[in-house]
Amino acid sequence: MSPAVVLLGSADSIESVGGAVIPVLLGFLALWLMLPPSDQARRAMGGVLGIVALGFLAGSAPQLPNLGEAFVFWIVAGVTIVAAVATVCAVNPVYSAIWFALSLLGTAGLFLFQGAQFLGVATVVVYAGAIIVTFLFVLMLAQPEGRAPFDRLSWGDVPKVMSVIAAACIVGVLTFALIRLRVDGIGTPAIGRFEQGSFRQQVALTLSGIEDEQGQSAILADRLLRARLREFPTGSVLFLEFRDTPIPSSEGQFDKLDFVKILGRDPSVWTYLPDDISFEVDVADAHGNVNHQEHMAHFGAEMFSRHLLSVEVAGALLLIALVGAVAIVIQGKDVDVDVEGGRDEHE
Amino acid sequence: MNELSLLINYLLIGGLLFAIGLVGFLVRRNMIVMFLCAEMMLQGVSVSLVAWGRYHSDWGGQMLVLFIITVAACEAGIAMALILMLVRRVGNLDIAMWQKLREGDRPPFVDQEVPEDSSQQAQWPSLTPAGAEPAPNEEDELYRSRV
């Protein structure tokens with residue numbers, strides 16, 4: 001897999017970049033205000049500033065395709081970020097653990113949104129359900145009174161400022177790079193640069209291999225941005241997305257697929273492939289469709305075929321960690337021999 | 001286009017989670033809260049990985065997140081055992097108690113002042129006591145948690 005290419009665009013995109021980086025900086029200023037040690041007024045100010053910054057970030061990040069998706073995504077992401085900030089800023093460590101559990105629920109929601117259903121459920125069950133509970137048990141044994149002076153105080157002012165500046169730099173640079181990402185250069189099917197087996201690669205190869213009268217298939221292959229196969233009750237539909245407006249043409253007939261649609265830059269404009277271009281594409285690669293019934297079954301198949309050895313090693317690692325944790329704790333205990341039980345047996 | 005915007009949004013959220021965990025790890029002194037922040041950094045990375053996996057239609061992203069969850073669980077188990085051992089020696093969860101482990105040429109960290117805990121002075125409503133007062137239980141007095 002090749003990473004996304006970051007193209008530094010021209011200077012006319014500075015306004016949109018500024019629109020995204022400034023909320024990030026404001027958000028980290030709010031985080032600095034809320035971190036311990038701080039008093040009630042500072043925390044309230046930081047909270048309000050943080051919410052405002054998050055709202056601006058949601059407005060300036062790239063828009064998701066439809067309003068419903070954007071709404072759900074930003075609600076879940078907002079819960080995650082607010083809970084993460086509260087984890088770090090809560091003085092009572094039990095509150096921190098509970099806020100972190102809420103942040104994990106938000107992360108599980110984000111996983112579900114991306115079609116990683118198994119990971120979403122695994123996060124809730126393993127992380128929120130087992131790891132956080134272990135933390136709370138240890139807190140019960142180690143610090144049952146909750147607040148402590150060292151919790152209210154933390155390291156002081158200088159580490160607070162330096163760490164917030166470092167984190168703001170990280171996220172600021174990340175935002176800067178991401179917002180300037182151009183759509184044009186991403187996913188150019190330069191044949192041979194990507195791994196074989198990628199669905200888009202396959203479609204691009206197929207398109208470029210077709211010889212048609214007007215030489216349009218090669219142009220289409222060059223402009224192919226994204227290929228998705230979606231299954232509907234009436235059949236499969238191959239969605240192809242191109243960089244620029246594709247060559248307008250009339251409808252065509254195809255084998256193996258019911259019909260093929262092409263999306264231009266503007267998704268409301270649909271055209272069809274030219275008459276003399278027809279091709280077959282291997283439709284077995286259906287895991288791109290997250291609504292497919294067997295989406296997680298494909299994940300399970302992948303897990304137990306390509307990654308079988310890693311899964312077995314992970315299971316062995318869990319066993320070793322369990323034994324190790326018990327060994328660490330037992331080493332610190334005095335083992336009492338139950339002498340009275342032995343005496344009772346003899347009588 | 002919509003795939004790329006989804007990817008960018010997810011990378012922003014993952015990066016924010018990572019950075020907030022980073023700040024928490026560096027600022028807090030409680031061992032448990034520091035470990036929670038380390039776990040939050042792992043969650044930020046997981047969110048980014050799932051986004052990349054979806055963008056490239058590759059299962060590798062989700063597989064790596066699965067292994068991250070596994071390793072985080074092992075790490076949490078062992079870390080809790082170690083923290084319990086450390087608390088047994090020192091008496092509290094403060095990581096500043098272990099300052100002797102710092103680098104040789106750095107001065108020791110000394111608390112400047114403890115901020116006033118204003119919530120302790122809140123007046124809670126109370127009922128008129130009725131009946132005889134029970135005898136004080138010495139063992140309970142040690143571990144009663146404050147509300």
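In what follows, every chain begins at residue 1, and chains take the letters A, B, ... in the order their sequences are listed. In this text the structure is predicted, and so the values were computed from the model without any measurement. Side-chain atoms are counted along with the backbone in the values below, which use heavy atoms only and exclude waters and symmetry mates.
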*Heavy-atom distance under 4.5 Å to chain B: side chain of A:A58, backbone, both or neither?*
neither
*For B:E39, is it the side chain, the backbone, both, or neither that has a heavy atom closer than 4.5 Å to a heavy atom of chain A?*
both
*asked:* Given heavy-atom pairs under 4.5 angstrom as the criterion, report whether the side chain, backbone, both or neither of B:A96 touches chain A.
replied: both
*Check whether B:L66 gets within reach of chain A through its side chain, its backbone, both or neither, counting any heavy atom under 4.5 Å.*
both
*Please flag which part of A:V91 lies under 4.5 Å from any non-hydrogen atom of chain B: side chain, backbone, both or neither.*
backbone
_Greater than 12 external heavy atoms within 6.0 Å of A:F137's CZ_ = no
*Using non-hydrogen atoms only, which part of B:V87 is less than 4.5 Å away from chain A: side chain, backbone, both, or neither?*
side chain
*With only heavy atoms counted, which part of B:V65 is less than 4.5 Å from chain A, the side chain, the backbone, both or neither?*
both
_Given heavy-atom pairs under 4.5 angstrom as the criterion, report whether the side chain, backbone, both or neither of A:L317 touches chain B._
both
*Which residue pairs satisfy the salt bridge (charged side-chain N to carboxylate O under 4.0 Å, His left out) criterion with at least one member in residues 8-32 of chain B, sequence neighbours excluded?*
A:D151-B:R28, B:R29-B:D94, B:R29-B:D111
*Side chain / backbone / both / neither for A:I132 at chain B, heavy atoms under 4.5 Å*: side chain
*Heavy-atom distance under 4.5 Å to chain A: side chain of B:L22, backbone, both or neither?*
side chain
*What part of B:I20 gets closer than 4.5 Å to chain A, counting heavy atoms only: side chain, backbone, both or neither?*
both
*For residues 8-38 of chain B, pull every pair meeting ring-ring contact (aromatic ring centres under 6.0 Å, His included), keeping only residues two or more places apart or in separate chains.*
A:F73-B:Y10, A:F135-B:F35
_Contact origin within A:L318 toward chain B - heavy atom pairs under 4.5 Å_ = both
*Where on A:T87 is there a heavy atom nearer than 4.5 Å to chain B: the side chain, the backbone, both, or neither?*
both
*Between A:F28 and chain B, which part of the residue has a heavy atom less than 4.5 Å away: side chain, backbone, both or neither?*
side chain
*asked:* Heavy-atom pairs under 4.5 Å with chain A: which of B:C37, B:S46, B:G44 has the most?
replied: B:S46
